Asks: 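What follows is a structure written as C-alpha coordinates; I'll ask about it next.
Because the structure is predicted, anything quoted here is derived from the model rather than measured. Within every chain, numbering begins at 1; the chains are lettered A, B, ... in the order of the sequence lines, protein sequences first and strands thereafter.
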There are 2 protein chains.
Amino acid sequence: MNVIDESGILAIATRLQRLSDQLRKDGVLIYKANGIDFEPKWFPVIYTLHLRSVLSVVEIANEIGYTHPSTISLLKELEKVKLIRSKKDKTDERKRLIQLTPKGQELIEQMKPVWDVMIAALTELTATQNNLLLAIAEVEEQMKRLSMFERAKRIGRLTN
Amino acid sequence: MNVIDESGILAIATRLQRLSDQLRKDGVLIYKANGIDFEPKWFPVIYTLHLRSVLSVVEIANEIGYTHPSTISLLKELEKVKLIRSKKDKTDERKRLIQLTPKGQELIEQMKPVWDVMIAALTELTATQNNLLLAIAEVEEQMKRLSMFERAKRIGRLTN
DNA sequence: TGAATATATGTAGTTAACTACGTAGTTTTA
DNA sequence: TAAAACTACGTAGTTAACTACATATATTCA
(Lines give C-alpha, C1' and ligand atoms only; values in the text may rest on other atoms or scores of the structure.)
Protein backbone atom coordinates (compact mmCIF):
# COMPACT_ATOMS: atom_id res chain seq x y z
CA MET A 1 0.00 0.00 0.00
CA ASN A 2 2.72 2.36 -0.99
CA VAL A 3 0.64 4.90 -2.82
CA ILE A 4 -1.84 5.35 0.00
CA ASP A 5 0.90 5.83 2.56
CA GLU A 6 2.56 8.37 0.28
CA SER A 7 -0.60 10.28 -0.58
CA GLY A 8 -0.43 11.66 2.91
CA ILE A 9 -3.31 13.17 4.72
CA LEU A 10 -5.83 12.76 1.88
CA ALA A 11 -6.06 9.05 2.54
CA ILE A 12 -6.30 9.49 6.28
CA ALA A 13 -9.87 8.13 6.45
CA THR A 14 -8.76 4.96 4.69
CA ARG A 15 -5.85 4.51 7.04
CA LEU A 16 -7.93 5.11 10.14
CA GLN A 17 -10.36 2.47 9.04
CA ARG A 18 -7.65 -0.03 8.20
CA LEU A 19 -6.05 0.45 11.60
CA SER A 20 -9.38 0.02 13.32
CA ASP A 21 -10.04 -3.21 11.43
CA GLN A 22 -6.65 -4.65 12.31
CA LEU A 23 -7.03 -3.87 15.99
CA ARG A 24 -10.51 -5.35 16.04
CA LYS A 25 -9.31 -8.55 14.37
CA ASP A 26 -6.55 -8.89 16.93
CA GLY A 27 -9.17 -8.32 19.62
CA VAL A 28 -11.11 -11.33 18.34
CA LEU A 29 -7.94 -13.45 18.46
CA ILE A 30 -7.11 -12.38 21.98
CA TYR A 31 -10.57 -13.18 23.34
CA LYS A 32 -10.47 -16.53 21.57
CA ALA A 33 -7.00 -17.36 22.88
CA ASN A 34 -8.35 -16.79 26.37
CA GLY A 35 -11.32 -19.03 25.82
CA ILE A 36 -13.76 -16.13 25.92
CA ASP A 37 -16.68 -16.06 23.54
CA PHE A 38 -16.94 -12.35 22.94
CA GLU A 39 -16.86 -10.04 19.94
CA PRO A 40 -15.12 -6.68 20.13
CA LYS A 41 -18.11 -4.95 18.58
CA TRP A 42 -20.11 -5.86 21.69
CA PHE A 43 -17.68 -4.02 23.93
CA PRO A 44 -19.28 -0.56 23.84
CA VAL A 45 -22.71 -1.86 24.87
CA ILE A 46 -21.44 -4.26 27.51
CA TYR A 47 -19.04 -1.77 28.99
CA THR A 48 -21.76 0.88 29.10
CA LEU A 49 -24.15 -1.45 30.92
CA HIS A 50 -21.34 -2.45 33.26
CA LEU A 51 -21.01 1.18 34.31
CA ARG A 52 -24.64 2.31 34.16
CA SER A 53 -26.57 -0.94 34.88
CA VAL A 54 -30.01 0.03 33.49
CA LEU A 55 -30.54 2.07 30.34
CA SER A 56 -33.04 2.41 27.52
CA VAL A 57 -32.16 1.62 23.91
CA VAL A 58 -31.68 5.24 22.91
CA GLU A 59 -29.68 6.03 26.03
CA ILE A 60 -27.28 3.23 25.12
CA ALA A 61 -27.09 4.44 21.53
CA ASN A 62 -26.16 7.91 22.73
CA GLU A 63 -23.57 6.61 25.16
CA ILE A 64 -21.81 4.52 22.56
CA GLY A 65 -22.23 7.04 19.76
CA TYR A 66 -24.07 4.73 17.37
CA THR A 67 -27.43 5.21 15.72
CA HIS A 68 -30.31 3.51 17.46
CA PRO A 69 -30.93 0.94 14.68
CA SER A 70 -27.30 -0.19 14.93
CA THR A 71 -27.71 -0.39 18.68
CA ILE A 72 -30.89 -2.42 18.35
CA SER A 73 -29.14 -5.01 16.22
CA LEU A 74 -26.29 -5.28 18.74
CA LEU A 75 -28.84 -5.66 21.52
CA LYS A 76 -30.59 -8.43 19.60
CA GLU A 77 -27.34 -10.37 19.33
CA LEU A 78 -26.54 -9.84 22.98
CA GLU A 79 -30.01 -10.93 24.01
CA LYS A 80 -29.65 -14.07 21.88
CA VAL A 81 -26.44 -15.06 23.67
CA LYS A 82 -28.12 -14.15 26.96
CA LEU A 83 -25.64 -11.51 28.06
CA ILE A 84 -28.40 -8.92 28.47
CA ARG A 85 -32.14 -8.89 29.07
CA SER A 86 -34.81 -6.23 28.75
CA LYS A 87 -38.12 -5.19 30.26
CA LYS A 88 -40.73 -2.51 29.57
CA ASP A 89 -40.42 0.72 31.49
CA LYS A 90 -43.58 0.92 33.61
CA THR A 91 -43.61 4.71 33.78
CA ASP A 92 -43.02 5.17 30.04
CA GLU A 93 -44.44 2.40 27.91
CA ARG A 94 -42.38 3.40 24.87
CA LYS A 95 -39.13 2.50 26.57
CA ARG A 96 -37.37 -0.82 26.83
CA LEU A 97 -34.95 -1.00 29.72
CA ILE A 98 -31.82 -3.03 29.15
CA GLN A 99 -29.57 -4.66 31.70
CA LEU A 100 -26.91 -7.31 32.03
CA THR A 101 -27.90 -10.87 32.97
CA PRO A 102 -25.97 -12.67 35.72
CA LYS A 103 -24.21 -14.50 32.88
CA GLY A 104 -23.25 -11.12 31.42
CA GLN A 105 -21.90 -9.94 34.75
CA GLU A 106 -19.88 -13.13 35.16
CA LEU A 107 -18.45 -12.75 31.68
CA ILE A 108 -17.32 -9.23 32.51
CA GLU A 109 -15.46 -10.54 35.55
CA GLN A 110 -13.80 -13.13 33.30
CA MET A 111 -12.91 -10.49 30.75
CA LYS A 112 -11.44 -7.98 33.17
CA PRO A 113 -7.97 -9.58 33.26
CA VAL A 114 -8.07 -9.88 29.46
CA TRP A 115 -8.99 -6.22 29.22
CA ASP A 116 -5.97 -5.42 31.36
CA VAL A 117 -3.74 -7.33 28.95
CA MET A 118 -5.35 -5.54 26.02
CA ILE A 119 -4.87 -2.18 27.67
CA ALA A 120 -1.21 -3.01 28.22
CA ALA A 121 -0.73 -4.19 24.63
CA LEU A 122 -2.51 -1.17 23.21
CA THR A 123 -0.65 1.21 25.47
CA GLU A 124 2.63 -0.32 24.32
CA LEU A 125 1.57 -0.06 20.67
CA THR A 126 0.47 3.54 20.90
CA ALA A 127 3.10 4.88 23.25
CA THR A 128 4.99 6.46 20.39
CA GLN A 129 6.13 10.00 19.90
CA ASN A 130 2.66 11.10 18.84
CA ASN A 131 0.14 9.38 21.06
CA LEU A 132 -2.70 7.99 18.97
CA LEU A 133 -5.38 8.12 21.65
CA LEU A 134 -4.58 11.71 22.53
CA ALA A 135 -4.39 12.61 18.84
CA ILE A 136 -7.89 11.18 18.31
CA ALA A 137 -9.27 13.08 21.27
CA GLU A 138 -7.66 16.29 20.04
CA VAL A 139 -9.03 15.91 16.52
CA GLU A 140 -12.49 15.05 17.86
CA GLU A 141 -12.30 18.24 19.88
CA GLN A 142 -11.22 20.26 16.82
CA MET A 143 -14.07 18.80 14.80
CA LYS A 144 -16.55 19.70 17.48
CA ARG A 145 -15.42 23.30 17.16
CA LEU A 146 -15.51 23.32 13.36
CA SER A 147 -16.02 20.33 11.09
CA MET A 148 -13.77 19.47 8.19
CA PHE A 149 -16.54 20.63 5.84
CA GLU A 150 -16.84 24.02 7.55
CA ARG A 151 -13.09 24.44 7.48
CA ALA A 152 -12.99 23.57 3.78
CA LYS A 153 -15.74 26.11 3.10
CA ARG A 154 -13.78 28.78 4.89
CA ILE A 155 -10.50 27.88 3.24
CA GLY A 156 -11.93 27.53 -0.24
CA ARG A 157 -14.56 30.24 0.04
CA LEU A 158 -17.14 27.93 -1.45
CA THR A 159 -20.47 29.35 -2.52
CA ASN A 160 -22.42 26.59 -0.87
CA MET B 1 -20.85 8.94 23.83
CA ASN B 2 -19.50 9.58 27.26
CA VAL B 3 -18.81 6.03 28.26
CA ILE B 4 -16.81 5.22 25.15
CA ASP B 5 -14.67 8.30 25.53
CA GLU B 6 -14.09 7.43 29.18
CA SER B 7 -13.33 3.76 28.60
CA GLY B 8 -10.03 4.89 27.19
CA ILE B 9 -7.86 2.85 24.94
CA LEU B 10 -10.11 -0.24 24.94
CA ALA B 11 -12.57 1.48 22.65
CA ILE B 12 -9.87 2.84 20.38
CA ALA B 13 -10.99 0.74 17.39
CA THR B 14 -14.51 2.15 17.72
CA ARG B 15 -13.21 5.68 17.88
CA LEU B 16 -10.88 5.24 14.92
CA GLN B 17 -13.76 4.00 12.84
CA ARG B 18 -16.07 6.79 13.91
CA LEU B 19 -13.49 9.40 13.04
CA SER B 20 -12.90 7.79 9.66
CA ASP B 21 -16.63 7.81 8.93
CA GLN B 22 -17.03 11.45 9.85
CA LEU B 23 -14.12 12.53 7.70
CA ARG B 24 -15.42 10.50 4.78
CA LYS B 25 -18.88 12.05 5.10
CA ASP B 26 -17.40 15.51 5.10
CA GLY B 27 -15.41 14.50 2.03
CA VAL B 28 -18.65 13.71 0.22
CA LEU B 29 -20.05 17.13 1.18
CA ILE B 30 -16.95 18.96 0.02
CA TYR B 31 -16.91 17.27 -3.39
CA LYS B 32 -20.61 17.97 -3.77
CA ALA B 33 -20.26 21.61 -2.76
CA ASN B 34 -17.68 21.97 -5.51
CA GLY B 35 -19.93 20.39 -8.09
CA ILE B 36 -17.76 17.31 -8.37
CA ASP B 37 -19.36 13.92 -8.73
CA PHE B 38 -16.88 11.81 -6.80
CA GLU B 39 -16.98 9.48 -3.84
CA PRO B 40 -14.15 9.46 -1.28
CA LYS B 41 -13.95 5.68 -1.44
CA TRP B 42 -12.80 5.99 -5.06
CA PHE B 43 -9.83 8.11 -4.04
CA PRO B 44 -7.28 5.35 -3.42
CA VAL B 45 -7.83 3.74 -6.82
CA ILE B 46 -7.96 6.98 -8.78
CA TYR B 47 -4.96 8.46 -7.02
CA THR B 48 -2.99 5.27 -7.60
CA LEU B 49 -3.78 5.27 -11.32
CA HIS B 50 -2.95 8.96 -11.45
CA LEU B 51 0.56 8.14 -10.23
CA ARG B 52 1.14 4.79 -11.90
CA SER B 53 -1.02 5.05 -15.08
CA VAL B 54 -1.35 1.33 -15.95
CA LEU B 55 -1.77 -1.44 -13.38
CA SER B 56 -3.42 -4.84 -13.03
CA VAL B 57 -6.24 -5.50 -10.59
CA VAL B 58 -4.03 -7.15 -8.00
CA GLU B 59 -1.35 -4.49 -8.33
CA ILE B 60 -3.95 -1.85 -7.53
CA ALA B 61 -5.27 -3.92 -4.62
CA ASN B 62 -1.77 -4.13 -3.18
CA GLU B 63 -1.11 -0.44 -3.65
CA ILE B 64 -4.29 0.60 -1.88
CA GLY B 65 -4.10 -2.13 0.75
CA TYR B 66 -7.51 -3.65 0.01
CA THR B 67 -8.36 -7.23 -0.87
CA HIS B 68 -8.75 -7.89 -4.56
CA PRO B 69 -12.52 -8.57 -4.39
CA SER B 70 -13.03 -5.16 -2.79
CA THR B 71 -10.85 -3.64 -5.46
CA ILE B 72 -12.80 -5.38 -8.23
CA SER B 73 -16.05 -3.92 -6.97
CA LEU B 74 -14.53 -0.42 -6.86
CA LEU B 75 -13.21 -0.92 -10.38
CA LYS B 76 -16.66 -1.99 -11.56
CA GLU B 77 -18.16 1.23 -10.24
CA LEU B 78 -15.42 3.34 -11.75
CA GLU B 79 -15.81 1.61 -15.10
CA LYS B 80 -19.55 2.25 -14.98
CA VAL B 81 -19.04 5.98 -14.51
CA LYS B 82 -16.35 5.84 -17.21
CA LEU B 83 -13.47 7.13 -15.11
CA ILE B 84 -11.34 4.08 -15.93
CA ARG B 85 -11.16 1.46 -18.66
CA SER B 86 -9.43 -1.90 -18.92
CA LYS B 87 -7.86 -4.19 -21.49
CA LYS B 88 -6.36 -7.67 -21.48
CA ASP B 89 -2.62 -7.91 -21.00
CA LYS B 90 -1.28 -9.44 -24.23
CA THR B 91 1.75 -11.02 -22.60
CA ASP B 92 -0.23 -12.50 -19.69
CA GLU B 93 -3.79 -13.42 -20.54
CA ARG B 94 -4.81 -13.69 -16.89
CA LYS B 95 -4.27 -10.00 -16.28
CA ARG B 96 -6.59 -7.09 -16.85
CA LEU B 97 -4.77 -3.81 -17.21
CA ILE B 98 -6.55 -0.79 -15.80
CA GLN B 99 -6.07 2.83 -16.72
CA LEU B 100 -7.79 6.19 -16.45
CA THR B 101 -10.01 7.39 -19.29
CA PRO B 102 -9.57 10.95 -20.61
CA LYS B 103 -12.69 11.76 -18.55
CA GLY B 104 -10.92 10.37 -15.50
CA GLN B 105 -7.85 12.47 -16.17
CA GLU B 106 -9.96 15.60 -16.62
CA LEU B 107 -11.77 14.91 -13.37
CA ILE B 108 -8.46 14.64 -11.56
CA GLU B 109 -7.47 18.07 -12.86
CA GLN B 110 -10.80 19.40 -11.61
CA MET B 111 -10.29 17.76 -8.24
CA LYS B 112 -6.76 18.95 -7.66
CA PRO B 113 -7.74 22.35 -6.25
CA VAL B 114 -10.37 20.64 -4.09
CA TRP B 115 -7.73 18.22 -2.83
CA ASP B 116 -5.59 21.21 -1.89
CA VAL B 117 -8.46 22.62 0.14
CA MET B 118 -9.02 19.23 1.78
CA ILE B 119 -5.35 18.92 2.59
CA ALA B 120 -5.43 22.37 4.18
CA ALA B 121 -8.59 21.57 6.19
CA LEU B 122 -7.23 18.21 7.33
CA THR B 123 -3.87 19.67 8.19
CA GLU B 124 -5.60 22.34 10.28
CA LEU B 125 -7.76 19.70 12.00
CA THR B 126 -4.88 17.40 12.82
CA ALA B 127 -2.21 19.93 13.64
CA THR B 128 -2.70 19.40 17.33
CA GLN B 129 -0.20 18.53 20.02
CA ASN B 130 -0.20 14.86 19.00
CA ASN B 131 -0.26 14.71 15.22
CA LEU B 132 -2.82 12.15 14.07
CA LEU B 133 -1.17 11.26 10.78
CA LEU B 134 2.21 10.74 12.41
CA ALA B 135 0.59 8.77 15.24
CA ILE B 136 -1.04 6.44 12.70
CA ALA B 137 2.24 5.92 10.86
CA GLU B 138 4.03 5.22 14.13
CA VAL B 139 1.45 2.70 15.28
CA GLU B 140 1.44 0.99 11.87
CA GLU B 141 5.20 0.69 12.21
CA GLN B 142 4.88 -0.75 15.73
CA MET B 143 2.31 -3.27 14.53
CA LYS B 144 4.58 -4.34 11.72
CA ARG B 145 7.20 -5.17 14.31
CA LEU B 146 4.80 -7.00 16.62
CA SER B 147 1.04 -7.15 16.32
CA MET B 148 -1.34 -6.38 19.15
CA PHE B 149 -2.08 -10.10 19.39
CA GLU B 150 1.60 -11.02 19.73
CA ARG B 151 2.07 -8.33 22.34
CA ALA B 152 -0.94 -9.58 24.28
CA LYS B 153 0.44 -13.12 24.18
CA ARG B 154 3.75 -11.94 25.54
CA ILE B 155 2.17 -9.77 28.20
CA GLY B 156 -0.40 -12.32 29.31
CA ARG B 157 1.70 -15.42 28.72
CA LEU B 158 -1.17 -17.05 26.89
CA THR B 159 -0.98 -20.72 26.06
CA ASN B 160 -2.03 -20.18 22.49
C1' DT C 1 7.04 -32.12 -20.98
C1' DG C 2 3.23 -33.12 -18.19
C1' DA C 3 1.92 -32.66 -13.30
C1' DA C 4 1.97 -29.76 -9.50
C1' DT C 5 2.00 -25.29 -7.87
C1' DA C 6 1.34 -20.46 -8.06
C1' DT C 7 -0.89 -16.33 -9.69
C1' DA C 8 -4.79 -13.36 -11.47
C1' DT C 9 -9.30 -12.64 -11.63
C1' DG C 10 -14.01 -13.35 -10.59
C1' DT C 11 -18.43 -14.62 -7.86
C1' DA C 12 -21.25 -15.45 -3.77
C1' DG C 13 -22.30 -14.60 0.56
C1' DT C 14 -21.32 -12.16 5.14
C1' DT C 15 -20.83 -8.26 8.25
C1' DA C 16 -21.39 -4.09 10.81
C1' DA C 17 -22.36 0.07 10.28
C1' DC C 18 -25.66 3.36 8.06
C1' DT C 19 -30.29 6.13 6.28
C1' DA C 20 -35.12 6.34 5.56
C1' DC C 21 -39.35 5.38 7.02
C1' DG C 22 -43.26 3.79 10.06
C1' DT C 23 -45.83 3.27 14.45
C1' DA C 24 -47.00 3.87 19.15
C1' DG C 25 -46.74 6.31 23.26
C1' DT C 26 -45.87 11.06 25.69
C1' DT C 27 -45.77 15.92 26.14
C1' DT C 28 -46.91 20.50 24.81
C1' DT C 29 -49.91 23.98 23.32
C1' DA C 30 -53.82 26.54 21.29
C1' DT D 1 -58.71 18.69 26.02
C1' DA D 2 -57.91 17.65 21.24
C1' DA D 3 -54.39 18.47 17.85
C1' DA D 4 -49.67 18.94 16.97
C1' DA D 5 -45.17 17.93 17.93
C1' DC D 6 -41.89 15.08 19.94
C1' DT D 7 -39.68 10.82 21.57
C1' DA D 8 -38.68 5.78 21.61
C1' DC D 9 -38.40 1.89 19.23
C1' DG D 10 -38.54 -1.05 15.31
C1' DT D 11 -38.04 -2.71 10.30
C1' DA D 12 -36.30 -2.63 5.59
C1' DG D 13 -32.97 -1.79 2.61
C1' DT D 14 -28.15 0.04 1.52
C1' DT D 15 -23.15 0.21 1.71
C1' DA D 16 -18.32 -0.84 1.73
C1' DA D 17 -15.48 -3.64 3.35
C1' DC D 18 -14.51 -8.64 4.17
C1' DT D 19 -13.73 -14.25 3.62
C1' DA D 20 -14.29 -18.40 1.08
C1' DC D 21 -14.47 -20.55 -2.96
C1' DA D 22 -14.00 -21.26 -8.20
C1' DT D 23 -11.68 -20.99 -12.60
C1' DA D 24 -8.26 -19.88 -16.02
C1' DT D 25 -3.62 -19.02 -17.24
C1' DA D 26 1.43 -19.16 -16.22
C1' DT D 27 5.44 -21.08 -14.14
C1' DT D 28 8.23 -24.57 -12.04
C1' DC D 29 10.19 -28.92 -11.42
C1' DA D 30 10.62 -34.09 -11.46
Side-chain angles (χ1 to χ4, degrees), chain A residues 1 4 11 13-29 38-46 54-80 84 86-98, chain B residues 1 4 11 13-29 38-46 54-80 84 86-98:
Chain A
M1 49 212 187
I4 293 314
T14 296
R15 287 174 78 182
L16 286 168
Q17 203 188 328
R18 208 161 56 198
L19 196 48
S20 170
D21 283 355
Q22 284 172 338
L23 292 174
R24 202 164 286 195
K25 276 179 197 162
D26 275 20
V28 174
L29 293 178
F38 191 76
E39 301 187 23
K41 68 174 163 167
W42 294 341
F43 175 79
V45 171
I46 291 295
V54 181
L55 291 172
S56 74
V57 174
V58 169
E59 282 166 345
I60 293 173
N62 290 337
E63 284 292 339
I64 70 179
Y66 283 1
T67 60
H68 82 271
S70 309
T71 306
I72 286 170
S73 91
L74 286 174
L75 293 174
K76 263 186 197 156
E77 282 181 47
L78 287 166
E79 208 150 11
K80 205 168 176 182
I84 64 162
S86 65
K87 56 170 198 266
K88 271 251 170 293
D89 183 335
K90 278 167 189 164
T91 70
D92 184 342
E93 288 272 306
R94 294 169 305 175
K95 286 190 187 174
R96 223 176 98 206
L97 297 178
I98 315 292
Chain B
M1 45 208 189
I4 292 314
T14 296
R15 287 174 77 184
L16 285 169
Q17 202 187 328
R18 208 162 56 199
L19 196 48
S20 169
D21 283 355
Q22 283 171 338
L23 292 175
R24 203 164 284 195
K25 276 180 196 159
D26 275 20
V28 174
L29 293 178
F38 192 76
E39 301 187 24
K41 68 173 163 166
W42 295 341
F43 176 78
V45 170
I46 290 295
V54 181
L55 291 171
S56 75
V57 174
V58 169
E59 282 166 344
I60 293 173
N62 290 337
E63 283 294 338
I64 70 179
Y66 283 0
T67 60
H68 81 270
S70 310
T71 306
I72 287 170
S73 92
L74 286 174
L75 293 176
K76 263 186 197 155
E77 281 181 47
L78 287 166
E79 207 151 11
K80 205 166 174 184
I84 63 161
S86 65
K87 56 168 195 268
K88 271 251 170 295
D89 184 335
K90 278 168 192 164
T91 71
D92 185 341
E93 288 273 305
R94 293 170 305 177
K95 286 190 186 172
R96 225 176 97 205
L97 297 178
I98 315 291

Asks: Measuring to OP1 and OP2 of dC18(D), would you say a side-chain N or O of Thr67(B) lies under 4.0 angstrom away?
Replies: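 For Thr67(B), the contact criterion (side-chain N or O under 4.0 Å from OP1 or OP2 of dC18(D)) is met.
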
Asks: Between dG10(D), dA16(C), dT9(C), spot the one nearest the side chain of His68(A), thanks.
Replies: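 Nearest listed nucleotide: dG10(D).
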
Asks: OP1 or OP2 of dA24(C) less than 4.0 angstrom from a side-chain nitrogen or oxygen of Lys88(A), does that happen here?
Replies: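 The answer is no; no side-chain N or O of Lys88(A) sits under 4.0 Å from OP1 or OP2.
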
Asks: When we call it a touch if two heavy atoms are under 4.0 Å apart, what does Ser56(A) touch: a base, just sugar-phosphate, or nothing?
Replies: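 Ser56(A): backbone/sugar contact only, no base atoms under 4.0 Å.
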
Asks: dA17(D) phosphate, OP1 or OP2: any side-chain N/O from Arg24(B) under 4.0 angstrom?
Replies: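 Checking dA17(D) against Arg24(B), a side-chain N or O does come within under 4.0 Å of OP1 or OP2.
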
Asks: Pick the nucleotide of DNA chain C nearest each of Pro69(A) and Lys90(A); which residue has the one closer to the 5' end?
Replies: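 The residue closer to the strand's 5' end, by nearest nucleotide, is Pro69(A).
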
Asks: Quick check: does any side chain N or O of Ser86(A) sit under 3.5 Å from a backbone N or O of Ile98(A), one acting as donor and the other as acceptor?
Replies: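 No; zero donor-acceptor contacts below 3.5 Å.
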
Asks: Consider the side chain of Lys95(B), meaning its heavy atoms from C-beta on, and name the nucleotide among dA16(C), dG10(D), dA8(C) that approaches it most closely.
Replies: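 Among the listed nucleotides, the one closest to the side chain of Lys95(B) is dA8(C).
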
Asks: Run the ring pair (Phe, Tyr, Trp, His ring centres under 6.0 Å) test against Tyr66(A) and tell me which residues pass, sequence neighbours left out.
Replies: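 Tyr66(A): no ring pair (Phe, Tyr, Trp, His ring centres under 6.0 Å) contacts found.
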
Asks: Just compare dG10(C), dT11(D), dC9(D) and give me whichever is closest to any side-chain atom of Ile72(B).
Replies: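 The answer is dG10(C).
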
Asks: In whole Å, what is the span from the CG atom of Leu29(A) to the P atom of dT19(D)?
Replies: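 Interatomic distance, CG of Leu29(A) to P of dT19(D): 12 Å.
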
Asks: Please classify the nucleic acid contact of Lys76(A) as base, sugar-phosphate, or nothing, using heavy-atom distances under 4.0 Å.
Replies: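 Result for Lys76(A) = sugar-phosphate.
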
Asks: Of Thr91(A) and Ser73(A), whose closest DNA chain C nucleotide lies nearer the 5' terminus?
Replies: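 Nearer the 5' end of the strand: Ser73(A).
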
Asks: So does Tyr66(B) get a side-chain nitrogen or oxygen closer than 4.0 Å to the phosphate oxygens (OP1/OP2) of dA17(D)?
Replies: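 Looking at the OP1 and OP2 atoms of dA17(D), one of them is under 4.0 Å from a side-chain N or O of Tyr66(B).
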
Asks: Side chain of Val57(B), heavy atoms from C-beta onward: which of dT11(D), dA17(C), dT9(C) has the nearest atom to it?
Replies: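 Of the options given, the side chain of Val57(B) lies nearest dT9(C).
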
Asks: Indicate, with a heavy-atom threshold strictly under 4.0 Å, whether Asp21(A) touches base, sugar-phosphate, or nothing.
Replies: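 If one applies the 4.0 Å heavy-atom cut-off, Asp21(A) turns out to touch nothing in the nucleic acid.
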
Asks: Nearest to the side chain of Gln17(A), which nucleotide is it out of dT25(D), dT19(C), dA17(D)?
Replies: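 The closest nucleotide is dA17(D).
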
Asks: Give the nucleotide from the list dT26(C), dA12(D), dA8(C) with an atom nearest to the side chain of Val58(B).
Replies: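 Among the listed nucleotides, the one closest to the side chain of Val58(B) is dA8(C).
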
Asks: List the residues meeting salt bridge (charged side-chain N to carboxylate O under 4.0 Å, His left out) with Glu77(A), not counting sequence neighbours, and say none if there are none.
Replies: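 For Glu77(A) the salt bridge (charged side-chain N to carboxylate O under 4.0 Å, His left out) partners, ignoring immediate neighbours, are Lys41(A).
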
Asks: Go through the N and O atoms of the side chain of Arg94(A) and the base of dT7(D), and report whether any donor-acceptor pair is under 3.5 Å.
Replies: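 Yes.
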
